[in-house]
Number of protein chains: 2
Amino acid sequence: MHRVTIADVARRAGVSTATVSRALSGGRKVSSDVAERVRAAATELGYEVNPIARALRVSRTDTVGMVVPSIRNPFFTALVESVEHALGADGKELLLCDAQSDPDTEAKRLDALVTRNVDGIIVSPCHGTDSTAAVQRTAERLPLVQLDRFVGGTSTDWVGVDDMAAMRAVLDHVRAGGARSAAYLGARLTNSSSELRHAGFGRHAEEFDLATDPQWTLLGDYSVEWGERAVGLLHDAGQLPDALVCADDLIALGAVRACRTRGIAVPDQVQVTGFDNIEFTRLAEPPLTTVDQPTRRIADEAVRLLADAAGGGSATRDAAHVALVPKLVVRDSTRAG
Amino acid sequence: MHRVTIADVARRAGVSTATVSRALSGGRKVSSDVAERVRAAATELGYEVNPIARALRVSRTDTVGMVVPSIRNPFFTALVESVEHALGADGKELLLCDAQSDPDTEAKRLDALVTRNVDGIIVSPCHGTDSTAAVQRTAERLPLVQLDRFVGGTSTDWVGVDDMAAMRAVLDHVRAGGARSAAYLGARLTNSSSELRHAGFGRHAEEFDLATDPQWTLLGDYSVEWGERAVGLLHDAGQLPDALVCADDLIALGAVRACRTRGIAVPDQVQVTGFDNIEFTRLAEPPLTTVDQPTRRIADEAVRLLADAAGGGSATRDAAHVALVPKLVVRDSTRAG
DNA sequence: AATTCGCTGGCAATCGATTACACGACTTGC
DNA sequence: GCAAGTCGTGTAATCGATTGCCAGCGAATT
């Protein structure tokens, strides 16, 4: 067995390889009868261009790389799915890498992608500062857009949601539901989302006159376990706030669960909110009020930016920061206003 | 800017490109001082081989493709993560595709992977018969191993768990917990796992003398919604069995949830079991008893088989079917024996 | 009728690596 | 002392496509 090459098609159609190439990928005009003959020969032989050979020649692979902090997190899974979908429309493929929440692994993955000549990279950096160097270096070599999170000190494209605005909507909502005080169950401030959500909570709690307390700000990681543990700490310490504002849905799921095991009524005794709107929020008891991240739109936007960057000279363009405004999804873990 | 090529290194080190290639990827002996000079030149210039050019020459890309039915399903996500991990150890990359549970999309993805010269393919076919043609065709061109599910009529490698044995363990367990009757909440029999788990349920329910009823066998899809709906149907129809054996965790999560909203006590009134041991099983109320799929081992085995197939002439080897025996994970949705 | 133009199609270079083959120098054996 | 083998290195072909440049040819222009 031998893979069909362009030379085979050329021979069969009685033309040169140059003509076959032009007939198929239409760089230049070819007379219609020749084009027809070539197409016929190609289909008869079952010819398909060899993307490797083409990539070597034109230095373009029609592949984009994506690096996420953890594929375990359903939010990133949803993002990956959306990106895959958006790329499919452009006839591009996705090379997916998992950074395992480790900046070193992340850097390695980024390098590997550059080496592999992907056309562009979509990355959600796992760390706000430790990821900077690798992201910066990568961005100098290739079109790169950051998704959801971003690192400080670089000027690359970014698309995500307005975390501050989202927090404002959350606090507005729990306030309307009668809360007078609120705790923040978040993640250590190692990346931009964590920081912005935390900052948003602080700023808008003040705006809406919600009582807070340094002891009510608990920072761990994005996991169910941490949510459970945090509620434990809060509960054991005594007085509970009227609302538990969580930095993501996993934490919120943990929180709700801990509330139930400890007999704390949600939302009557405390209201709980999440962030991301992953699929399992519906599954909580009660279903979580949360902030919907429009992953489809985020992905579309990212792919568009990447295409733009690949088209226009990258040096001339200004970096675009696209912040979509997320919607609050009200379910039963909060009281209706 | 200009990418550093092997020629640059050669010039710098004062040798030929052939020597550079040999010095770096060590095909044949090179005198140690030359090797040293070459290595020095390479690092000074920051040279890295161009994988595209190499791939064209040696027709090997060090990339394997993976196609899963749905990246939304946490079980497959876990599988992907494990495969990524296993490949990383071999210095290979993963090209991930989502078939969106559609055999046509799946076929397209498989073709795309073949065209892209991946070294091998790992696929969990979405349909037991509709996926056959594409899988077969692909397997004729490349090393291919099926994961978890497999299609009929092909003789490719496969690795997964022994679904029948798992079902036996499940039924043994619920019987020990006092169940005398059981319902099966499954998925339509469109793929091998669905069939085997269903068959396993039937066979071993008989063995353990658990009462069943055609009306207690409900087949839908792998989703939380279906689990909820199925319990609704069962409940509305009147009498409930002592155990709800679910074909996967998503269904089980839905089932448990529906039980709670309808005031059916789990596990006292009915025991509920899942399958896969996805992360969220711990989150259910009560946490789910389920069958653990050893994704790490499955992935390792798959990668090993792929490597073997790539090494030995594919024609000579017999197809290997590796069925790992899964462990039952007992949590609180069933009664301790 | 001669020149120019436009259009098609072929030749050959090119992308960046790997590797078969050749070649010279040097060792070894008889 | 000469043939045979070893070893290290260079030359050039090769993988399979794309594309700059040139040639031929018919139509259009002067």
Side-chain angles (χ1 to χ4, degrees), chain A residues 1-42 45-63 91 112 114-119 141, chain B residues 1-42 45-63 91 112 114-119 141:
Chain A
M1 200 185 68
H2 145 84
R3 235 186 118 124
V4 186
T5 74
I6 197 172
D8 300 324
V9 178
R11 210 169 306 123
R12 174 113 179 192
V15 296
S16 73
T17 62
T19 302
V20 173
S21 174
R22 292 197 268 252
L24 296 180
S25 23
R28 237 175 52 186
K29 277 277 170 55
V30 181
S31 70
S32 53
D33 58 334
V34 172
E36 190 43 52
R37 268 215 320 281
V38 170
R39 253 191 305 270
L45 297 174
Y47 171 73
E48 276 174 338
V49 299
N50 179 330
I52 306 262
R54 159 185 277 156
L56 178 59
R57 184 59 229 253
V58 304
S59 47
R60 189 166 40 74
T61 53
D62 289 332
T63 301
V114 171
T115 302
R116 267 163 196 275
N117 270 16
V118 294
D119 296 342
R141 318 266 257 110
Chain B
M1 200 186 68
H2 145 83
R3 235 186 118 125
V4 186
T5 73
I6 197 171
D8 300 323
V9 179
R11 210 169 305 123
R12 175 114 180 192
V15 295
S16 74
T17 61
T19 303
V20 174
S21 174
R22 292 195 269 252
L24 296 180
S25 23
R28 245 171 51 184
K29 278 276 171 59
V30 182
S31 72
S32 54
D33 57 336
V34 172
E36 192 41 55
R37 269 215 320 280
V38 170
R39 254 191 304 267
L45 297 173
Y47 170 74
E48 276 174 338
V49 299
N50 180 329
I52 306 262
R54 159 185 277 156
L56 178 59
R57 186 59 231 255
V58 305
S59 46
R60 188 166 41 75
T61 53
D62 290 332
T63 301
V114 172
T115 302
R116 268 164 195 274
N117 271 16
V118 294
D119 296 341
R141 318 267 257 110

Distance (rounded to the nearest 0.5 Å) between B:Asp119 CG and B:Arg60 CZ: 6.5 Å
Applying side-chain hydrogen bond (donor to acceptor under 3.5 Å, both in side chains), can you list everything that pairs with A:Arg12, at least two apart in sequence or on another chain? A:Glu44
In terms of side-chain heavy atoms, does A:Thr61 have a donor or acceptor partner in A:Asn117 at a distance below 3.5 Å? no
Using a cut-off of less than 4.0 Å, is there contact between a side-chain N or O of A:Ser31 and OP1 or OP2 of C:dT8? no
Mind checking side chain to side chain contact (heavy atoms under 4.5 Å, CB included) for B:Val4 and listing every partner two or more places apart, or none if nothing turns up? B:Asp8, B:Val9, B:Leu45, B:Tyr47
Atom pair distance, as rounded to whole Å: CZ in B:Arg3 and C1' in C:dA17: 11 Å
Send over the distance from A:Arg60 CZ to C:dC15 C1', rounded to a whole Å. 14 Å
Summary of salt bridge (Lys or Arg N to Asp or Glu O under 4.0 Å) pairs that have at least one residue in residues 16-29 of chain A, sequence neighbours excluded: none
Measuring from the side chain of B:Thr19 (C-beta onward, heavy atoms only), which nucleotide among C:dG16, D:dG10, C:dT8 has the closest atom? D:dG10
note: B:Asp62, atom CG; C:dA17, atom C1'; distance rounded to Å ~ 14 Å
List the residues meeting side-chain hydrogen bond (donor to acceptor under 3.5 Å, both in side chains) with A:Arg116, not counting sequence neighbours, and say none if there are none. B:Thr63
Testing C:dA17, D:dT11, D:dC15 for proximity to the side chain of B:Leu56, the answer is D:dC15
Taking atom types as they are modelled, would you say the side chain of A:Arg57 forms a donor-acceptor pair with the base of C:dT14 within the 3.5 Å cutoff? yes
Base, sugar-phosphate or nothing for A:Val20? Non-hydrogen atoms, less than 4.0 Å. nothing
Does A:Ser25 place a side-chain N or O at less than 4.0 Å from the phosphate oxygens OP1/OP2 of D:dT18? yes
What pairs with B:Ser59 under side-chain hydrogen bond (donor to acceptor under 3.5 Å, both in side chains), at least two apart in sequence or on another chain? none
Rounded distance in Å - CG (A:Asp33) to P (C:dC7): 17 Å
Write down the protein N/O and nucleotide N/O pairs, taken from nucleotides 23-25 of chain C, whose separation is under 3.5 Å; answer none if there are no such pairs.
none

Picking from D:dA17, C:dG16, D:dG10, the nucleotide nearest the side-chain atoms of A:Arg54 would be D:dA17
Just the rounded figure in Å: distance from P of D:dT18 to CD of A:Glu48. 13 Å
Between C:dT19, D:dT18, C:dG10, which nucleotide gets closest to the side-chain atoms of A:Thr17? D:dT18
Who passes salt bridge (charged side-chain N to carboxylate O under 4.0 Å, His left out) against A:Glu36, sequence neighbours left out? A:Arg39
Between C:dA12, C:dG9, D:dG16, which nucleotide has the shortest distance from any of its atoms to the side chain of A:Val34? C:dG9
Residues in side chain to side chain contact (heavy atoms under 4.5 Å, CB included) contact with B:Ala112, at least two apart in sequence or another chain: A:Glu93
For DNA chain C, the residues among residues 4-15 of chain B that have a non-hydrogen atom under 4.0 Å from it: B:Thr5, B:Ile6
Taking only N and O in the side chain of A:Tyr47, is any of them less than 4.0 Å away from OP1 or OP2 of D:dG16? no
Here the distance between atom C1' of C:dG9 and atom CZ of A:Arg37, to the nearest Å, is 11 Å
Residues two or more places apart in sequence or in another chain: which of them pass side chain to side chain contact (heavy atoms under 4.5 Å, CB included) with B:Thr19? B:Val15, B:Ser16, B:Val30, B:Val34
Check the distance between D:dT18's P and A:Leu24's CG and give it to me in whole angstrom. 8 Å
Go through it in stages, so that I can follow the logic: the residues are B:Ile6 and B:Ser21, the test is side chain to side chain contact (heavy atoms under 4.5 Å, CB included), and I'd like the CA-CA distance, side-chain angles, deciding distance and then a yes or no. CA-CA 7 Å; B:Ile6 197 171; B:Ser21 174; 3.8 Å; yes
Value rounded to 0.5 Å, distance of OG1 in B:Thr17 from CZ in B:Arg11: 10.5 Å
Between the protein and nucleotides 21-23 of chain D, list every N/O to N/O distance that falls short of 3.5 Å.
from: D:dC21; atom 1: N4; to: A:Arg28; atom 2: NH1; distance (Å): 3.2

The side-chain hydrogen bond (donor to acceptor under 3.5 Å, both in side chains) partners of A:Asn50 (sequence neighbours excluded) come to none
On DNA chain D, does the nearest nucleotide to B:Val58 precede the nearest nucleotide to B:Ser16 from the 5' side, or the other way round? Give the residue. B:Ser16
